[in-house]
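Throughout, a chain's letter reflects where its sequence line sits, starting with A, and its residues are numbered from 1. Keep in mind that the numbers below use all heavy atoms, side chains included, and drop hydrogens, waters and symmetry copies. These figures come from a predicted structure and were not determined experimentally.
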Number of protein chains: 2
Amino acid sequence: MKSKITLKDIARELEVSISTVSKALKNSEEISRDTKEKVQAFARLYNYKPNNIAISLKNKRTKNIGVVIPDIVHHFFTTVIRGIEKYANAKGYNVIVCLSEESFDKEVINMEMLANGSIDGFIMSLSSETQAKNDYNHLKEVTEQGIPVVLFDRITNEIDCDKVIIDDRMGGYLATKKLIEQGKQKIALITTDDYLSVSKARGDGYRKALLDSNIELDESRILKLPTMEMDEERIRNFFDSIEFDAVLCVNEIFAVFSMRVALEKGLKIPKDVAVIGFTNGLLSKYANPSLTVVAQHGEKMGEISAQMLIEKVESEKEEETFQTKILEPTLVVRDSTIN
Amino acid sequence: MKSKITLKDIARELEVSISTVSKALKNSEEISRDTKEKVQAFARLYNYKPNNIAISLKNKRTKNIGVVIPDIVHHFFTTVIRGIEKYANAKGYNVIVCLSEESFDKEVINMEMLANGSIDGFIMSLSSETQAKNDYNHLKEVTEQGIPVVLFDRITNEIDCDKVIIDDRMGGYLATKKLIEQGKQKIALITTDDYLSVSKARGDGYRKALLDSNIELDESRILKLPTMEMDEERIRNFFDSIEFDAVLCVNEIFAVFSMRVALEKGLKIPKDVAVIGFTNGLLSKYANPSLTVVAQHGEKMGEISAQMLIEKVESEKEEETFQTKILEPTLVVRDSTIN
DNA sequence: GTGTTTAACGAAAACGGTTTCGTGTTAATA
DNA sequence: TATTAACACGAAACCGTTTTCGTTAAACAC
């Protein structure tokens with residue numbers, strides 16, 4: 001087991017000082033051609049690579065980005081991570097992923113762990129519990145320490161920082177409009193409680209679209225589940241209890257399951273019931289019938305988040321100007337609506 | 001912006017030495033009750049937290065685990081990550097995720113980045129390009145430096161390290177047997193080239209099952225795609241070119257798409273065609289009809305990998321004993337087969 | 001021969017901790 | 001009273017770099 005070689009080892013071997021080795025490897029003008037060549041050759045031979053930790057301590061820069069998200073099995077979040085990775089890696093940053101699993105406490109613990117020197121900045125999406133509690137002290141602490149934060153998707157206005165979201169209200173609006181255009185009047189909405197910022201916005205878009213088309217809002221056609229977790233029973237009961245000719249769902253899974261329930265009821269899709277979901281994942285693409293969705297462009301979101309964060313991290317300036325980037329959702333039309 | 005407080009700050013403020021502060025915070029017996037209380041109170045007041053980087057440099061332990069995987073949008077890998085996170089977090093470790101995106105070069109670069117002090121050990125699954133090239137020097141280098149490595153799922157025998165796999169051969173066998181039991185004789189297999197270790201093993205299981213049941217192997221019923229990437233055209237052509245009454249696929253996506261093609265041909269599932277895939281993801285559960293799959297227990301795999309790695313990382317012993325854990329796949333029977 | 005410049009290198013501080021090994025003071029013991 | 005042990009603390013080394021600021025010796029000018 002050959003252990004990693006250090007500057008000290010090279011210095012000892014070549015009978016020069018550590019400083020000389022360090023400078024030689026950086027091609028400093030201070031060092032003679034001879035010495036530089038000798039040191040560099042030796043370093044190459046023994047495959048010297050500087051120790052990242054030591055450099056981090058010295059520079060107070062880790063080249064690590066902390067990503068704290070509620071869940072990783074959700075397609076949307078994985079695409080965001082991919083976008084972050086892509087941009088961050090190209091800039092020489094590593095990505096430390098922590099899962100809050102929708103828990104406030106885990107979110108806090110993870111952030112505290114990372115905030116003590118492990119990372120240069122955070123990219124995060126709030127856990128549902130955090131949004132429900134409306135407690136953002138852990139975020140405040142971090143920003144007050146001067147650690148840059150970028151919030152994406154599930155954000156809050158309580159914290160001053162860069163933000164990236166899609167226009168969920170527009171997404172809800174576009175989808176609902178689409179259903180209305182297809183002659184649907186009794187459009188059900190399956191969503192979650194309003195504390196989840198994205199659900200709230202999507203619901204607002206839905207209402208706006210109905211209003212614009214002079215369709216009366218029927219609250220009984222709205223099912224609010226406590227979380228994004230699937231609850232087959234409640235969805236089945238919901239469909240038994242209402243009349244509907246279309247369904248809008250705040251995620252893919254609710255939508256695909258709704259299609260199944262409709263099919264089981266002997267309804268034709270999209271003739272009797274049209275369905276639209278959010279998130280353009282594998283599920284939508286390969287469901288039978290394939291699902292029309294509001295695409296959220298997660299990868300783009302990740303890239304932009306990473307870009308904004310790294311810009312802040314590498315900026316010398318002290319000025320505190322924060323921006324919120326709003327991406328436009330697009331409708332991906334498939335077979336669960338008439339095209 | 002209040003910057004982080006250090007031991008030095010506390011020492012200066014309280015007019016004691018840094019060593020005293022350090023010891024007091026660790027509740028050392030050496031320090032008087034008075035001083036300890038004073039220091040601890042002060043530290044609590046100013047919310048002192050030790051700098052992870054400094055500790056890492058001193059201890060030569062980062063409490064970070066490097067995870068290098070080919071893809072994060074695949075359900076299987078996300079469940080593995082979740083398992084790793086779960087175990088690692090409980091043990092106080094952070095997880096640095098890097099994506100090779102099936103590229104040999106990216107795999108090498110990512111490992112080199114992390115190997116220079118950023119992590120205590122690797123958990124990884126080989127990129128397809130690496131398996132194709134059969135070049136594992138980057139892994140050799142890392143293990144020779146004494147950095148523990150755990151390989152999961154896509155492994156190689158060229159490297160001596162801990163490994164976690166599922167018995168893919170058994171998975172292929174179980175699935176094929178199941179189809180045979182249901183009276184199917186013309187069982188198609190959609191897989192990838194053999195360099196992917198898992199595909200090879202699954203194919204072996206398929207052959208073994210046919211052999212055991214005295215069903216002649218018809219190579220024309222096997223479609224080998226170059227990678228796990230979807231190729232709708234080739235799959236369609238494949239189905240046009242053969243007779244079949246069942247399909248086994250090495251992933252969910254191929255399987256769900258096969259179902260769609262079969263349905264388009266007017267075939268009934270599972271009566272005319274039964275379908276089984278690998279990976280028990282969302283797709284299988286919510287597909288119409290729902291898909292029978294070989295479950296790979298990714299989360300379990302992640303947990304075990306993390307456990308094995310952390311054990312090696314924290315073990316003082318020099319002895320090099322490596323083990324390979326083989327998990328048993330299970331068949332999750334749904335509507336794409338007769339039950 | 002004296003003073004000044006320049007090239008080439010080394011010593012040491014710094015990053016923020018941990019830990020070993022003194023050391024001075026006080027109290028207990030011979 | 002002299003010796004010793006216990007106590008409470010500090011100095012300094014160390015982890016592996018980077019970087020500033022000497023320092024030395026040779027080369028040059030006068």
Side-chain angles (χ1 to χ4, degrees), chain A residues 3-40 42-43 46-64 113-120 145-147, chain B residues 3-40 42-43 46-64 113-120 145-147:
Chain A
S3 202
K4 284 246 106 176
I5 190 175
T6 70
L7 288 187
K8 197 197 276 189
D9 299 328
I10 302 183
R12 187 176 358 90
E13 235 33 58
L14 262 41
E15 297 185 307
V16 291
S17 76
I18 294 179
S19 352
T20 302
V21 177
S22 176
K23 289 171 194 164
L25 290 174
K26 297 196 122 50
N27 240 314
S28 160
E29 292 301 324
E30 258 183 278
I31 306 299
S32 72
R33 177 175 280 280
D34 269 14
T35 312
K36 278 198 281 197
E37 277 172 6
K38 201 172 56 176
V39 171
Q40 288 170 7
F42 190 92
Y46 287 92
N47 193 28
Y48 168 79
K49 293 277 163 53
N51 180 307
N52 289 331
I53 297 291
I55 293 178
S56 294
L57 182 59
K58 187 93 242 278
N59 300 347
K60 303 185 150 225
R61 283 277 180 80
T62 61
K63 287 261 181 179
N64 286 158
M113 269 189 87
L114 296 179
N116 298 311
S118 300
I119 51 99
D120 296 339
Q145 278 172 35
I147 302 178
Chain B
S3 204
K4 285 247 105 175
I5 191 176
T6 69
L7 287 187
K8 196 197 276 187
D9 300 328
I10 302 182
R12 188 178 356 91
E13 237 29 62
L14 263 40
E15 298 185 309
V16 292
S17 76
I18 294 180
S19 353
T20 304
V21 177
S22 176
K23 289 171 192 163
L25 290 174
K26 298 197 119 52
N27 240 313
S28 159
E29 292 301 325
E30 258 183 275
I31 307 297
S32 74
R33 174 173 283 279
D34 269 14
T35 312
K36 278 197 282 196
E37 277 172 6
K38 202 173 54 174
V39 171
Q40 287 170 7
F42 190 92
Y46 287 92
N47 193 28
Y48 168 80
K49 295 276 166 52
N51 180 307
N52 290 331
I53 298 292
I55 294 177
S56 294
L57 184 59
K58 184 95 244 276
N59 299 348
K60 304 186 149 223
R61 283 278 179 81
T62 62
K63 286 256 179 187
N64 286 156
M113 270 190 86
L114 296 179
N116 298 311
S118 300
I119 51 99
D120 296 340
Q145 277 171 36
I147 303 178

Spatial distance of atom NZ (K60(B)) from atom CG (D120(B)) [nearest 0.5 Å]: 12.0 Å
d(CG, D34(A); C1', dA7(C)) in whole Å: 13 Å
Distance (rounded to the nearest 0.5 Å) between L114(B) CG and N64(A) CG: 8.5 Å
Touch class at under 4.0 angstrom, heavy-atom based, for S56(B) against every strand present: nothing
Check: S28(B) main-chain N/O paired with K36(B) side-chain donor or acceptor under 3.5 Å: yes
side-chain hydrogen bond (donor to acceptor under 3.5 Å, both in side chains) involving R61(A) - partner list, sequence neighbours excluded: none
Heavy-atom side-chain proximity of K49(A) to N47(A) below 4.5 angstrom: yes
Scan nucleotides 18-21 of chain C against the protein and return all N/O pairs shorter than 3.5 Å with their distances rounded to 0.1 Å.
from    : atom 1 : to     : atom 2 : distance (Å)
dT18(C) : OP1    : K26(B) : NZ     : 2.8
dT18(C) : OP2    : S22(B) : OG     : 2.8
dT18(C) : O2     : K58(B) : NZ     : 3.4
dT20(C) : O4     : K23(B) : NZ     : 3.2

Partners passing ring pair (Phe, Tyr, Trp, His ring centres under 6.0 Å) against Y48(B) (at least two apart in sequence or in another chain): none
For atom CG of L57(B) and atom P of dA14(C), their distance in whole Å: 17 Å
Side-chain donor/acceptor of N52(B) to backbone N/O of M113(A), under 3.5 Å: yes
Euclidean distance, I119(A) CD1 relative to I53(B) CD1, rounded to 0.5 Å: 10.0 Å
E15(A) CD to dA8(C) C1', straight-line distance once rounded to whole Å: 17 Å
Main-chain N/O of A24(B) paired with Q40(B) side-chain donor or acceptor, under 3.5 Å: yes
Nearest-nucleotide comparison on DNA chain D, the residue closer to the 5′ end among K60(B) and I31(B): I31(B)
Residues forming a side-chain contact (heavy atoms from CB on, under 4.5 Å) with I18(B), sequence neighbours excluded: L7(B), K8(B), A11(B)
Nucleotide interval of DNA chain D bounded by contacts with chain B (heavy-atom cut-off, under 4.0 Å): dA8(D) to dG16(D)
Interatomic distance where CZ belongs to R61(B) and P belongs to dG16(C) [whole Å]: 24 Å
From S19(B) atom OG to E30(B) atom CD, the distance as rounded to the nearest 0.5 Å: 9.0 Å
Rounded (10°) bend between the five-pair end axes of the helix from dG1(C)-dC30(D) to dA30(C)-dT1(D): 80°
